[in-house]
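Note sheet for the following structure.
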Amino acid sequence: MELIQAQRGTKDILPAEKGEWSAQSRKWQAVEEVMRGEAEISGFREIRTPVFEDTRLFQRSVGETTDVVQKEMYTFLDQGKRSVTLKPEGTAGAVRAYLEHGLFNEPMPVKLYYLTPCYRYEKAQAGRQREFHQFGVEMFGSSLPVADAGLIAFAHSLFERLCIKNLKLKINSIGCPACRAKYTEALKDYFEQRKDKLCDTCLSRLDRNPMRILDCKDPQCGEVAKGAPHILDYLCDDCRGHFEQVKSILDSIGIQYEIDPTIVRGLDYYTRTVFEFVSEDLGAQSTVCGGGRYDGLVEELGGRATPALGFAVGLERLLMIMQAQKVEFPEPDTCELYVANIGEPAHLEAFRIVQQMRSCAVEAECDEVGRSLNAQMKYAGKIGAQFTLVLGDDEIASGKGVIKNMKTGEKKKVDLKNDLEGQFAAISCEGEDDLAF
RNA sequence: GUGGGUAUAGCGUAGUUGGUUAUCGCGCCAGUUUGUGGCACUGGAGACCGUGGGUUCGAAUCUCACUACCCACCCCA
């Protein structure tokens, strides 16, 4: 019979050492734990929003004309003929919930974080999947440059905490709608006059997203782009001042950055500060984190005008970098006590002891497939059991047993009838494993 | 949507002038060993050779198509 495979662009995340490195659930758990911890320490609280939303939410926020909305959304009619869409990113849902539940009545700023799958109908390649996962944060209610810089600093410390090296921070300002409109027009004029020198893709970019021409890899386009007008020269006084302050705060806390006028987030809602963290340890998709300010979005979705900003980290890409950089992860937990048995009465007793140990938070196992004693011991070795206890007729009769340390071979007598968990705790109480990050 | 590459057991692989039963390693199961794992030895299970057609007495091998995966463009996390 034909096997059904996982959908294109989706990946199974398997336990422990099975599967490719970046698809191992314990690595994901470790990363997620760090992210939650760092977010909470910085005052962000978790929000969980549905995986699917009214399609109009994304059309209004991400923008009708963007690639994401035009050709990458998983949109379908549900049984009630409503158009719903699997979330292509995390911000829209968070803003929707912020408005729907009146979170704007909370003390400002409102700081939220999430870990969520996202869906985009794209052709998969290295670092790009149809189902991928984002860690994101959103902050509502501050228009101050210190919020922009603070958010960037938060991302920065997050990567440091995860022992990720060699990330490059790129920042830019794309101004408010007023200055961006002026700039786009100037840019169009400039390229319009040099149309004959542009490659085909750039010609199509000309009316869709002229800023994209700036980082075309075609050498001839690159030549033309060198002389193009600069967004930073078109910023209004307010936007310029804001950007200057963001930079000087970053300078003052020692965060290195590069001003890159070509970074243009492809989602319509961004204003002013935009930034990304890129890595050379990824394939062509080098951005591991992207974000910025979106001062117009809350109003766009029907709320009171509210300054806001956020960023998202691509978890698959993050894990890919960590793999490339061989970041050490904490050792996985292994079985602490394996209770082997000889014969059926002992099997039952082993089962009882395992239940008892588990209720005291000891990771315990006994035979579940009917193996011989020899095979049980082999199995205990394979799963990395730290201690074993063998039960047979003698132990059941006497109520005494022997616990063996599988690493040292050392054996200790225990009383099976009386406070076994206490005796085991005393035997196994050596140094706890230290975290790798 | 457009290009390029790849396809043999769970994983990694051998197999080119087409020729019997498709190789090896790891892993898995069992035995040597119902009273103590790791080592070793022995045995076992597991492959529609990606799918479908064509050439041929005969195809994993030659050929065509399709599909899947990977990579890149585009776009983004």
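Lettering follows sequence order; numbering is per chain, from 1.
A:Leu315 comes within 4.0 angstrom of nothing in the nucleic acid, heavy atoms only. Among the heavy atoms of the strands, none lies under 4.0 Å from A:Gly90. Within the 4.0 angstrom heavy-atom criterion, no nucleotide atom of any strand lies near A:Glu316.
Between the C1' atoms of B:rU23 and B:rC49, the separation comes to 12 Å (whole Å). To the nearest whole angstrom, the two P atoms, one in B:rG1 and one in B:rU17, are 41 Å apart. Nucleotides B:rA59 and B:rG50 place their P atoms 15 Å apart, quoted to the nearest Å. On the P atoms, B:rA47 is 12 Å away from B:rA22, given to the nearest whole Å. B:rU6 sits 26 Å from B:rU20 when the P atoms are compared, rounded to a whole Å. B:rC11 and B:rC28: their C1' atoms are spaced 12 Å apart (whole Å). The gap from the P atom of B:rA14 to that of B:rG31 amounts to 35 Å, rounded to the nearest Å. When the C1' atom is used for both B:rA9 and B:rU16, the distance is 23 Å, rounded to whole Å.
Residues meeting the side chain to side chain donor-acceptor pair (under 3.5 Å) test with A:Thr273, sequence neighbours left out: A:Asp148.
Separating the CG atom of A:Leu282 from the P atom of B:rC71 is a distance of 12 Å, rounded to the nearest angstrom. Atom pair A:Phe159:CZ and B:rA77:P shows a separation of 13 Å (rounding to whole Å applied). Distance CD (A:Gln125) to P (B:rG4): 16 Å, rounded to an integer number of Å. As rounded to whole Å, 15 Å separates atom C1' of B:rC29 from atom CD of A:Gln376. Per the geometry, CG belonging to A:Asp67 stands 13 Å off C1' belonging to B:rC73, to the nearest Å. Between the CE atom of A:Met322 and the P atom of B:rA77 there is a distance of 21 Å, given to the nearest Å. Between A:Lys123 atom NZ and B:rU2 atom C1' there is a gap of 7 Å when expressed in whole angstrom units. Between A:Arg130 atom CZ and B:rC74 atom P the separation is 19 Å, expressed in whole Å.
Across all strands shown, nothing is found opposite B:rU56 as a Watson-Crick or G-U wobble partner with both distances under 3.5 Å. With a cut-off of 3.5 Å on both pairing distances, the Watson-Crick or G-U wobble partner of B:rU32 is B:rA40. Pairing of B:rU20, defined by two Watson-Crick or G-U wobble distances under 3.5 Å, is not identified with any nucleotide. Pair assignment for B:rA68 gives B:rU6, based on Watson-Crick or G-U wobble hydrogen-bonding distances that are each under 3.5 Å.
Regarding contacts with the backbone of B:rC69, a side-chain N or O of A:Arg8 is found under 4.0 angstrom from either OP1 or OP2. The phosphate of B:rC29 (OP1 or OP2) has a side-chain N or O of A:Arg371 nearer than 4.0 angstrom. OP1 or OP2 of B:rG31 sits under 4.0 Å from a side-chain N or O of A:Ser372.
Residues A:Glu300 and A:Tyr294 bring no donor and acceptor atom of their side chains to less than 3.5 Å of each other. Of the N and O atoms on the side chains of A:Gln356 and A:Glu421, at least one donor lies less than 3.5 Å from an acceptor on the other residue. A:Glu72 and A:Tyr121 share no donor-acceptor pair across their side chains, judged by distance under 3.5 Å alone.
With hydrogens and angles ignored, no donor-acceptor pair under 3.5 angstrom links the side chain of A:Gln129 to the base of B:rA77. With hydrogens and angles left out, the side chain of A:Arg128 and the base of B:rC71 share no donor-acceptor pair within 3.5 Å. Within 3.5 Å, a donor on the side chain of A:Gln285 pairs with an acceptor on the base of B:rC75, or the reverse.
A salt bridge is defined here as a Lys NZ or Arg NE, NH1 or NH2 lying under 4.0 Å from an Asp or Glu carboxylate O, and A:Glu40 with A:Arg45 meets this definition. With respect to A:Arg96 and A:Glu100, a salt bridge is recorded, a charged nitrogen being found less than 4.0 Å from a carboxylate O. Between A:Glu365 and A:Arg358 a salt bridge is recorded (basic side-chain N to carboxylate O distance below 4.0 Å). The pair A:Glu349-A:Arg352 meets the salt-bridge criterion, since a charged nitrogen lies less than 4.0 angstrom from a carboxylate oxygen.
Comparing A:Gly314 and A:Gly343 along RNA chain B, the residue whose closest nucleotide (by nearest heavy atom) sits nearer the 5' end is A:Gly343. Of the residues near RNA chain B, A:Ala126 and A:Ala375, the one whose nearest nucleotide (by heavy atom distance) lies more toward the 5' end is A:Ala375.
Set against B:rC75, B:rG31, B:rA77, the side chain of A:Thr287 has B:rA77 as its closest nucleotide.
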*Report the C-alpha separation of A:Tyr234 and A:Tyr183 in whole Å, then their side-chain angles, then the decisive distance to 0.1 Å, and conclude whether the ring pair (Phe, Tyr, Trp, His ring centres under 6.0 Å) test is met.*
CA-CA 6 Å; A:Tyr234 285 77; A:Tyr183 174 64; 5.5 Å; yes
*Take A:Phe277 and A:Phe311 through the side-chain contact (heavy atoms from CB on, under 4.5 Å) test and state the conclusion after the steps.*
CA-CA 10 Å; A:Phe277 286 84; A:Phe311 70 76; over 6 Å; no
_Generate the contact string for nucleotides 35-40 of chain B. Rules: B means base contact, S means sugar-phosphate contact only, - means no protein heavy atom under 4.0 Å._
BBBB--
